[in-house]
Number of protein chains: 2
Amino acid sequence: MTEIEKTLDNKSIRPTAMRILIYKFMAGKKTAVALTDIENAFEKAERTTLYRTLKTFEEKGIAHQIDDGTNISKFALCQPGCNCEIDQDLHLHFHCSQCDKTICLTEHKIPHINLPSGYIAEDVNLVIKGICDSCSEH
Amino acid sequence: MTEIEKTLDNKSIRPTAMRILIYKFMAGKKTAVALTDIENAFEKAERTTLYRTLKTFEEKGIAHQIDDGTNISKFALCQPGCNCEIDQDLHLHFHCSQCDKTICLTEHKIPHINLPSGYIAEDVNLVIKGICDSCSEH
DNA sequence: GGAATAGTGCAACAGAAGTGCATTTAATGC
DNA sequence: GCATTAAATGCACTTCTGTTGCACTATTCC
């Protein structure tokens, strides 16, 4: 049993060939991926399978969904410090308007916000748009 | 010339009948509206016209677009204190997962975030998801 | 009043998200 | 091992939002 298979198994996700491939693909990326990204990377793969795989990953808590403002859902594997499903200790995301990549800034936590009375926060999403480090070099 | 016409004129938006109606509709709402919301409210209206009207409102700086994580763009009129196009003094938004409404919390500003070197922020989007005040009463 | 410009309506397209169902694959019990 | 069950996958199709092109209409400017 490989490391990836163990990871999936721990979260009771059956480690099928497809899922392992997708996991590897996501792990190799520094950026969040959209459904289309994976679809293009694996020409043989069915969109539905990818769609449901990502949903599964998210539901089981090994990946989180990111809305970067492009109206395209992106996904990223949870890093060791990522407690996205447990508490509000959420990191923020950066979307580069030049290379169109979305990056998890895992060490940057979202500061606590005081809401007006009556409002109950369940999830916080903070996306900063701008130019990423590799694009700003040029 | 009514107050609304003046507002539009100030931003060099020709105050057509349609635009005034849409402006009124948005002004009467406490929440951000999606294209479909307006479409349903005015059965006679064309989606394209609404679409372009909202775009115009946004470009001219009397409304701002909100990504609340539903992958559906919403729009809200800028309030007097809203400097969404001028500086980074951006307010945050609340999305209720129960009634599906998106609310501008204009008096709640987004705290400043220190980015890693190389990253240049141009825009910040902070959305809190949860239960809004009217839904939490029940 | 007539030319130029801006706004609107209609049609059509693109892309993403999502669903239903048949088929394949894997896990379980005997 | 083999049958039974459940899960995963592949295919087709639908829906919804966003978007563009083009013709037509209304408005402004001279």
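Chain letters run A, B, ... following the sequence lines, proteins first and then strands; every chain starts at 1.
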J.: In whole Å, I'd like the distance from the CZ atom of A:F75 to the C1' atom of C:dA17.
T.: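 One finds 10 Å between C1' of C:dA17 and CZ of A:F75, rounded.
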J.: Taking atom types as modelled and ignoring hydrogens, do the side chains of B:S73 and B:Q65 form a donor-acceptor contact shorter than 3.5 angstrom?
T.: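 Judged by distance alone, the side chains do pair up.
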J.: If you count heavy atoms of other groups shown closer than 6.0 angstrom to NZ of B:K101, is the number above 12?
T.: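 No.
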J.: Please work out whether the ring planes of A:H93 and A:H64 are parallel, tilted or perpendicular, with thresholds of 30° and 60°.
T.: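 Geometry flag for A:H64 against A:H93: tilted rings.
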J.: Do the side-chain N or O atoms of A:R19 get closer than 4.0 angstrom to the phosphate oxygens (OP1, OP2) of D:dT9?
T.: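 Looking at the OP1 and OP2 atoms of D:dT9, one of them is under 4.0 Å from a side-chain N or O of A:R19.
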J.: Roughly how many Å is it from NZ in A:K60 to P in D:dA8, rounded to a whole number?
T.: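 The distance from NZ of A:K60 to P of D:dA8 comes to 8 Å, rounded to the nearest Å.
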J.: Are B:F94 and A:Y119 an aromatic pair, judged by ring center distance below 6.0 Å?
T.: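 That pair passes the under 6.0 Å test.
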J.: Hey, what do you get for CD1 (B:I62) to SG (B:C78), rounding to the nearest 0.5 Å?
T.: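 Atom-to-atom, B:I62:CD1 and B:C78:SG are 8.0 Å apart.
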J.: Okay, side chain of B:R19, backbone of B:I13: is any donor-acceptor separation there less than 3.5 Å?
T.: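 Answer holds: no.
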J.: Residues of residues 27-39 of chain B with any non-hydrogen atom less than 4.0 angstrom from an atom of DNA chain D: list those, numerically ordered, please.
T.: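 Nucleic-acid contacts, sorted: B:L35, B:T36.
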J.: Please report the closest heavy-atom contact between B:M18 and B:A45, naming both atoms and the distance.
T.: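 Taking B:M18 first and B:A45 second, the nearest heavy atoms are CE-CB, 3.6 Å.
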J.: Using a heavy-atom distance cut-off of less than 4.0 Å, which residues of residues 48-55 of chain B contact DNA chain C?
T.: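 Within this stretch, B:T48, B:T49, B:R52 sit under 4.0 Å of the strand.
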J.: So if I take the C1' atoms of five pairs at each end of the helix from C:dG1-D:dC30 to C:dC30-D:dG1 and get each local axis, what angle do the two axes make, rounded to 10 degrees?
T.: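 The end axes of the helix from C:dG1-D:dC30 to C:dC30-D:dG1 are about 30° apart, to the nearest 10°.
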J.: Please state how far atom CD in B:E46 lies from atom P in C:dT8, giving the value in whole angstrom units.
T.: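 Taking CD of B:E46 and P of C:dT8, I get 12 Å after rounding.
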J.: Test side chain to side chain donor-acceptor pair (under 3.5 Å) on A:H95 and A:T102 and set out the steps.
T.: CA-CA 4 Å; A:H95 176 71; A:T102 301; 3.1 Å; yes
J.: Tell me whether B:D9 contacts the main-chain N or O of B:E5 through its side chain, where contact means a donor paired with an acceptor under 3.5 Å.
T.: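 Absent.
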J.: Rounded to the Å, how far apart are A:D68 CG and C:dA16 P?
T.: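 Distance check: A:D68 CG to C:dA16 P gives 13 Å.
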J.: Go through B:F57 and B:F75 one step at a time and tell me if the ring pair (Phe, Tyr, Trp, His ring centres under 6.0 Å) criterion holds.
T.: CA-CA 9 Å; B:F57 280 9; B:F75 294 85; 9.2 Å; no
J.: Starting at NZ of A:K74 and ending at P of C:dG15, how long is that distance when rounded to a whole Å?
T.: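 Going from A:K74 (NZ) to C:dG15 (P), I get 15 Å.
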J.: Only counting residues at least two apart or in another chain, list the ones meeting salt bridge (charged side-chain N to carboxylate O under 4.0 Å, His left out) with B:D37.
T.: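 Partners of B:D37 under the salt bridge (charged side-chain N to carboxylate O under 4.0 Å, His left out) test: none.
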J.: Starting from P on C:dT8, measure out to CZ on B:F42 and report it in whole angstrom.
T.: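 Whole-Å distance recorded here is 13 Å.
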J.: Between B:N125 and B:D67 (side chain of the first, backbone of the second, donor and acceptor by atom type, cut-off under 3.5 Å), is there such a pair?
T.: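 Answer holds: yes.
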J.: Protein within reach of the bases, or only the backbone? For nucleotides 24-30 of chain D, mark each nucleotide 5' to 3' as B, S or -, using heavy atoms under 4.0 Å.
T.: ---S---
J.: I'd like to check the side-chain contact (heavy atoms from CB on, under 4.5 Å) partners of B:A27; sequence neighbours left out, ordered by chain and number.
T.: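 Expected list: B:Y23, B:L77.
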J.: Could you tell me how far apart B:D9 (CG) and C:dA6 (P) are, to the nearest whole angstrom?
T.: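 For the pair B:D9 CG and C:dA6 P, the rounded distance is 15 Å.
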J.: For a quick check, tell me whether the side chain of A:R47 and the base of C:dG18 share a donor-acceptor pair closer than 3.5 Å.
T.: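 Side chain to base: pair found, below 3.5 Å.
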